[in-house]
Each structure stands twice: as C-alpha cells, then as structure tokens.
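Numbering starts at 1 and runs along the sequence shown.
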Amino acid sequence: MRSVVGVALSLACAQQASAFCPVLQPHSTWRFSASKLRVASADEVSTDAWVSRFGTAPEIRDAAPFYKFFSSFSHEKYPDKPVFLERSELEADFSGYFTLEDLGEAVESDVLQAGRGVAGLQSGWKMARVGPKAADNFLEKKMRRTDVLEAIQAELTSGCNVGTVVFNSAGAHIPKLSAVSLAAVEAFAFPTNTNLYITARNKKLSAPPHTDKQDVFVMQTQGFKHWKVFAPPEPGLTPDRDPYTRGKGDDVCDVASLGEPLLDVILKPGDVLYVPAAYPHTTDTLVREGQVPQEVADQDSVHMTVGVDTYIWGLTYAFLRALTYLRMGNEDRALGGIQQLYRGPINRLPDAVYAKLCRSLPANFVDLKAGGVEEVAGELQQWAAAAAVVTKSEEDFAAIPPEEWVKTVRKAQEHCQDLLHVFRTMYTEAIAEAERRRKSADQPIPIEKLSMFRVRPHMNRLEALMDGFISYATASPMMQRNTNPNLPGPSDLTKAEEAVQWVAAKENPPSRGDLVQVDLGGAWFEARVLAVRGLRTSAA
C-alpha cells in the first residue's frame, strides 16, 4: 500500500506539471497545422551580402539565386506542409544548374561514392554500391561516368523496373553543390546537406514510399520526375517504427495504406518541391504523351535535394526534453529517453502533444537573444509538462528545476553555432579547392585534396560535436552521482557515428597504436588504430 506521504507527493507533482501544461484540444490527425508559405519580394532579400562574405568564385556567384530563394521563405513561419512551386512562379531559373554532364565531370575529376537505390518485395529502400566491385587499391576502385550510366539502367533480378543512383552528401564533395549547401546554411541558420539523384526515364518506380528526417527542397535541374506526397501515417498505429525513417531498411511503407496523395505532381526543369520531414513520398519517371515537353521527356532525370537537418543533430523539442531529463539523472521511464526518440511511447502521445514535441526548433534559433531563448525554454517546459500529465509521470517532471530548461536551450544554441561553423568550413573548403584546381589545372591532384579525404575530418568534427552535446547531459554532476544502469553514456547515444571510418573487430580486437588493414571504399590499405570504443574500433 502506498504511504500517505507518497500520495501527497504525487498529487503535488501532478499539480506542478498541470500548471505548465497547456489546454489540449482534440485533433483528428497528428500532423502539424498548415501554415502559409510566404515568399519575399525581390526587394526584401539581397545577394550582395552573400557575395561580399564568400567572395567571387564562380560557384559563389552561380549560387546567389539559391541563397535568395532559400532566404525568401518566411523566417517567422517555416512551412509545415508540402509545397509545389513551378518554374514560372519563381524569380530564379534553376533548370540546367547541374546536369549529367556536370556529374560526369565531377565523377571523373575526383573519387566519389554513390549507391543505387533498390527495393525488395519484403523490404524498404536499400542501397547497392555503384562502381567496380574489386580492386588492388582505392584509385582502381574509382567510380567512372560509365558506372553511373550503367547503374541507372540496372534492374533488380526480380524484374522490377526500378532504380535511382544516389550521391549522398554530394554537397560536401562537389564544389558546385557545396555552394548550394552553403547558401542554405546561410539562409536557414541550420545544418544543411545536399544529395543528388539520377534516374533514367521510363522507370515505373525510382523510389518506393518512404519518409526522411530532413525538411527537403527538391530542385529539378534536368529531365522530369513524377512525385506523390502523402500525409504522414499516425505514429500511434505503428508505435515501434520511427516515423522519420519509414520505408527504409527492412521496413515497408505500403502505398495502399497511405490514402490519397496530398500532392501528385510532375517536376520539370526549374520546378521546386518542398517536403517536410516524415511526409511519405514515392517517385517514378513515367508520363503519358504530352504531359511534359518532348525534349524534357527524352532526358534522364537529375534533381538536387537540399535537406535542412534538425532531427539528425538534436535540434528538436523532443531531443532537448530527453537531454534535460538525462542531465538530471532521470531515467525518463514515460517516454524512454534519448534511446527511444521517435519510437515507442512518444508515438502514443495525443496528437497535439506529439506534434509540438516532435518539431524542429524555430527558424533563426541560433541568433535568438535572451528573451527568445527563454521563450523557447518556456515552450519546451510547457510541452514536457503536457507529456508528463498524459503519461502520469508528473513526479519525474517536477524533479527538474525550471532553470534547467533554459540551460538546455542555451546549450543547444551553442551546439547549433558549432555545427554551423563546421558545415560552413566544409563547404567553403570545397569551393576553395575548386579554385585551386583551376589555377593548377596541369598539376596532379594531391591525394589529401581528394574529396573523400578532405571531407572526413569535418565529418569527424561533427560527430565529436554531437558526442559533446550529449556529454552535456551524461557528464553532469547529477549523472556522475547516478548509479542507474539503465541510463546511457555518450558512446551509446551518438547520432553521427556513421561519419567515422569504423572497423569491425570480430576476432582479436586491436589495441591503440596497432597497424591494421582497413576497407576504404572497397580497397584495403594500412591504417593505425587511434581509439577503441567497446566493440567498435576507430582507425585512421
């Protein structure tokens, strides 16, 4: 039987949480309420500051219209519904900005990596390597223009006419796309990344239904692509699946369960499609005669996807809530903590609470002054309280001092600033390398200047920043005194480990300083062990 003291404590905690909890209104769907997309006039956004800050390299000048376009989105109300903009509605013309010819030059002049998207009958979207399968060294493993052309025509052994070649993080490796990524970073003040997608015409499925963690701008630059964008499925129907990674890996996102599409559009050169995170979408390159001009229909499809990365880097209310609980040594039994972000209990929350917690931090978050930081902290506390009331975990919420919410938001602001510095440096270095190569075109490219080596230190720094952000919680005095084995440490939580070259040590795990053989891009070469983490080993 519970003691009288225990009951009184629970009641007091419930009252404290209820004091912060907003009035919850019933919703028929968990989706965010629609907001208007405001496009600024030409007088409101100037590219002069963009060019004066980053110089007059051709890549910077050519990317100025992208900076103006991204900046034209209202910073007061970031769009939270899919939006289709035809070329005729835009001030700038993005058609032809990056074509198969541009890709061919990029592939031949550097060592790039790509995957071919494939979908099995019982699984979601997966990637198959593009390029030679075996070689004595990584230069012989180098992907060629012909490898890309062959890959986009490849079909699965099942006979399905599918396939898209994907250059993930192309913005970090290809200078022309680095400038676009940099423009997005400057406009949105959030980490951004640009992927490149190549699909042959007449493919009945170029990407099966899936969701992404990024808010993305799809910019068609050559050929066409048919898109269907659907309303997000209610997370509570499949609570153990991450709504932001549906249809990937072994998860199948069945198009029949998605209902009628919100958008069913054909992107032609110069058109732009905005798709928020967690909105399922599927694509193909099939059209009926007359739907697109014949000169467009005869071309293979090329589009850039510029993603605003807030979910990946912990810049959401849900992540900050979980981080605050962890910092206080609170196991967060109600929602499962950082380990269960976007899976499990959080997906069973009422629509209104889920939508508010699982949203990105506000636009221009990194530049907020003290009053703005306190306002964000107040919203964070408010919806954390709402979650506590719904899950009857008021005692856990009440154990967190109000000032801790403000501290977490300030730390997130510092974290965002640090991330932006690394992303800006990575993209500007790519542009500088393009300038260096133009000035020394007759000289061989130093191996350390190849993009696969140039980019890796930046990715390592990004991983370290994410580790450091989580360590803000795990290294707190409360955590240092805590002996709860269910509370994780940084190595259990990092979201960016994929950026590091990891070596599986199944037998005879190496020690720091050992020489090992590492598979880099499919070819083996010597490396020295820098650090060992549990069952995983980092090598350089």
Q: Kindly state each residue pair satisfying side-chain hydrogen bond (donor to acceptor under 3.5 Å, both in side chains) with at least one member in residues 367-378, sequence neighbours excluded.
A: none

Q) Under 6.0 Å from the CD atom of Glu101, do we count more than 12 heavy atoms belonging to anything else shown? A) no

Q: Using modelled atom types only, decide if a donor and an acceptor are shared between the side chain of Ser206 and the backbone of Thr164 within a distance under 3.5 Å.
A: no

Q: Grab the two heavy atoms, one from Cys416 and one from Ala189, that are nearest each other, plus how far apart they are.
A: SG-O, 3.8 Å

Q.
Holding to ring-ring contact (aromatic ring centres under 6.0 Å, His included), I want the full list of residues that pass it with His173, two or more places apart in sequence or in another chain.
A. none

(Q) Just to verify, what does Phe469 make a ring-ring contact (aromatic ring centres under 6.0 Å, His included) with, not counting sequence neighbours? (A) Phe319, His415

(Q) In the structure I gave you, are the side-chain heavy atoms of Asp212 and Tyr244 within less than 4.5 Å of one another anywhere? (A) no

Q: Verify the ring-centre separation between Phe190 and Phe365: is it less than 6.0 angstrom?
A: no

Q. Taking only residues two or more places apart in sequence, or in another chain, which ones meet Ala430 in a side chain to side chain contact (heavy atoms under 4.5 Å, CB included)?
A. Ser178, Arg454

(Q) Quick test of your reading: applying salt bridge (charged side-chain N to carboxylate O under 4.0 Å, His left out), list the pairs with at least one residue in residues 418-427, sequence neighbours left out, ordered by first then second residue. (A) Glu186-Arg424

Q) Does anything in residues 300-315 pair up under salt bridge (charged side-chain N to carboxylate O under 4.0 Å, His left out), and if so which pairs, sequence neighbours excluded? A) Arg201-Asp300

Q | Under the side chain to side chain contact (heavy atoms under 4.5 Å, CB included) test, residues paired with Ala384 that sit two or more places apart | A | Arg321, Phe397, Trp405

Q. Are the aromatic rings of Phe70 and Phe188 close, with centres under 6.0 Å apart?
A. yes

Validation: residues 289-296 side-chain donor-acceptor distances under 3.5 Å, sequence neighbours left out:
residue, atom, partner, partner atom, Å
Gln291, OE1, Arg288, N, 2.6
Gln294, NE2, Asp298, OD1, 2.9

Q.
Taking salt bridge (charged side-chain N to carboxylate O under 4.0 Å, His left out) as the cut-off, I'd like each qualifying pair that reaches into residues 256-282, sequence neighbours left out, listed once.
A. Lys268-Asp271

(Q) Going by side chain to side chain contact (heavy atoms under 4.5 Å, CB included), name the residues that satisfy it together with Thr425, two or more places apart in sequence or in a different chain. (A) His421, Glu429, His458

Q) Hey, does Tyr472 have a side-chain heavy atom less than 4.5 Å from the side chain of Thr408? A) yes

Q: Check salt bridge (Lys or Arg N to Asp or Glu O under 4.0 Å) between Glu86 and all other residues, then give those that pass, not counting sequence neighbours.
A: none

Q: Using the side-chain hydrogen bond (donor to acceptor under 3.5 Å, both in side chains) rule, take Ser301 and Gln220 through it: C-alpha gap first, then chi angles, then the decisive distance, then the call.
A: CA-CA 8 Å; Ser301 172; Gln220 191 75 24; 2.9 Å; yes

(Q) Before you tell me yes or no, could you show the steps for Thr245 and Tyr311 under side-chain hydrogen bond (donor to acceptor under 3.5 Å, both in side chains), namely the whole-Å CA-CA distance, both residues' side-chain angles and the distance that decides it to 0.1 Å? (A) CA-CA 11 Å; Thr245 59; Tyr311 290 85; over 6 Å; no

(Q) Treating Asp93 as the side-chain partner and Ser95 as the backbone partner, does any N or O pair qualify as donor plus acceptor under 3.5 Å? (A) yes

Q) Have Thr285 and Thr199 got a donor and an acceptor in their side chains that come within less than 3.5 Å? A) no

Q: Test Asp62 against Lys176 for salt bridge (charged side-chain N to carboxylate O under 4.0 Å, His left out), laying out the working first.
A: CA-CA 8 Å; Asp62 292 345; Lys176 195 169 185 179; 5.4 Å; no

Q: Name all residues meeting the side chain to side chain contact (heavy atoms under 4.5 Å, CB included) criterion together with Thr305; count only those two or more places apart in sequence or in a different chain, and write none if there are none.
A: Tyr197, Val216, Val218, His303

